[in-house]
Peer 1: 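There's a structure below that I have some questions on.
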Amino acid sequence: MENINKFQSFMILLMVAIGIFVGQFDIIKMYSEYLIMPALMVMLFLVFLQIPLKDIVKSFSNKKFTITSICINFIWTPILIFILGKLFLGNNPSLLIGFVMLMVTPCTDWYLIFTGITKGNVALGASILPLNLILQLLLLPIYVLLIGGSSVEIEVLSLLKGVAMSLIIPLILSIILRKIIISKNGKDFFEETITSKACDYQGHFLNIAIVAMFASQGKVLLQHPEVLLQLLVPVLLFFAINLIVGIFVSRGINLNREDSIALNFTTLARNSPIALAIAVATFPDKPLISLALIIGPLIELPVLFIISKILLNNNFVINESVLK
């Protein structure tokens with residue numbers, strides 16, 4: 001997963017360019033939309049396959065970290081996104097929904113890469129992953145309805161159907177397959193063979209989904225180049241504000257440097273693939289929502305890289321001696 005995520009920002013740009021190019025051919029544009037959901041479902045199946053949901057109890061071993069992470073991700077962040085969304089995207093309902101779906105879903109993969117690069121506590125960051133996954137599956141529909149429900153006509157059943165199709169089915173299938181393989185071949189075989197292959201292939205299916213998305217809707221983006229600029233300011237403000245919040249909260253609860261870094265990336269990185277899968281299933285007639293979720297990582301990944309460099313600076317405020 002490290003190699004895939006290390007160059008993910010570049011790969012997304014490349015896949016966007018390929019998708020827009022091949023989408024100029026009408027026959028490809030016509031059929032590409034049928035690839036989006038299957039590719040995303042396979043990708044999420046591979047993501048879920050790597051997550052031992054039964055280990056969710058491990059996240060409670062460090063109650064201070066877990067409670068703080070949950071409060072920032074699922075209480076403070078939705079409030080912040082509501083404010084930023086209404087201020088900057090209130091006049092564009094589709095972009096507002098896309099922004100909400102992107103920013104209220106904590107990451108379940110590449111945040112661990114940045115945690116490791118910055119020499120943070122990867123094991124602690126990983127412990128919160130299953131809990132983050134479960135909570136965002138349960139709360140995302142509620143956040144969309146509460147924050148953006150008045151801006152776009154949203155059918156609750158349609159939203160729940162989208163969640164079921166894009167997330168619940170891959171999740172259940174991954175749990176079943178994981179249990180079967182481990183029972184027959186053992187946990188070591190699963191982790192050494194299946195998990196590594198799932199890590200490799202999940203990025204490929206995400207790239208397929210992005211190419212298909214832009215092949216089917218690339219002309220919409222070309223007609224709306226302002227989408228990137230409209231999202232830039234609120235997304236950057238989210239990262240700046242939550243970075244400051246994470247640093248000062250880490251001080252307040254006396255986390256050491258490694259745990260503080262884990263907390264920061266757990267509360268900064270966002271889960272665009274999961275949000276994209278739900279958007280494609282729920283809002284097939286509103287392409288700007290999905291485009292917002294694809295454009296988001298183009299901003300997010302370079303910002304996370306810069307943040308990792310900032311947090312590596314020993315003179316920065318999260319230095320362990322300062323925290324103590």
Peer 1: Any chance NZ of K309 has more than 12 other-residue heavy atoms, nucleotides or ligands included, within less than 6.0 Å?
Peer 2: no
Peer 1: Determine all donor-acceptor pairs shorter than 3.5 Å in which one atom belongs to a side chain in residues 74-81; sequence neighbours excluded.
Peer 2:
| from | atom 1 | to | atom 2 | distance (Å) |
| --- | --- | --- | --- | --- |
| W76 | NE1 | N242 | OD1 | 2.7 |
| T77 | OG1 | I72 | O | 2.7 |
| T77 | OG1 | N242 | ND2 | 3.2 |

Peer 1: State whether the number of non-hydrogen atoms from other residues, nucleotides or ligands found under 6.0 Å of L229 atom CG is greater than 12.
Peer 2: yes
Peer 1: Apply side-chain hydrogen bond (donor to acceptor under 3.5 Å, both in side chains) to N132 and list each qualifying residue two or more places apart in sequence or on a separate chain.
Peer 2: none
Peer 1: Specify whether Y34 and Y31 have parallel, tilted or perpendicular ring planes, treating 30° as the upper limit for parallel and 60° as the lower limit for perpendicular.
Peer 2: tilted
Peer 1: About how many Å separate CG of L124 and OG1 of T66, when rounded to the nearest 0.5 Å?
Peer 2: 7.0 Å
Peer 1: Between side-chain atoms of residues 273-281 and protein atoms elsewhere (two or more places apart, or another chain), which donor-acceptor pairs fall under 3.5 Å?
Peer 2:
none

Peer 1: Provide the closest heavy-atom pair for G125 versus Y111 in the form atom of the first, atom of the second, distance.
Peer 2: O-OH, 2.7 Å
Peer 1: If you define the side chain from C-beta out and look only at heavy atoms, does anything of Y143 sit under 4.5 Å from M101?
Peer 2: no
Peer 1: Kindly give the heavy-atom pair with the smallest separation between M15 and V211, and that separation in Å.
Peer 2: SD-CG2, 3.5 Å
Peer 1: Give me the atom names and distance for the closest heavy-atom approach of R270 to E300.
Peer 2: N-OE2, 2.6 Å
Peer 1: Locate the shortest heavy-atom distance separating S69 from T267; write the atom from each residue and the value.
Peer 2: O-CG2, 4.2 Å
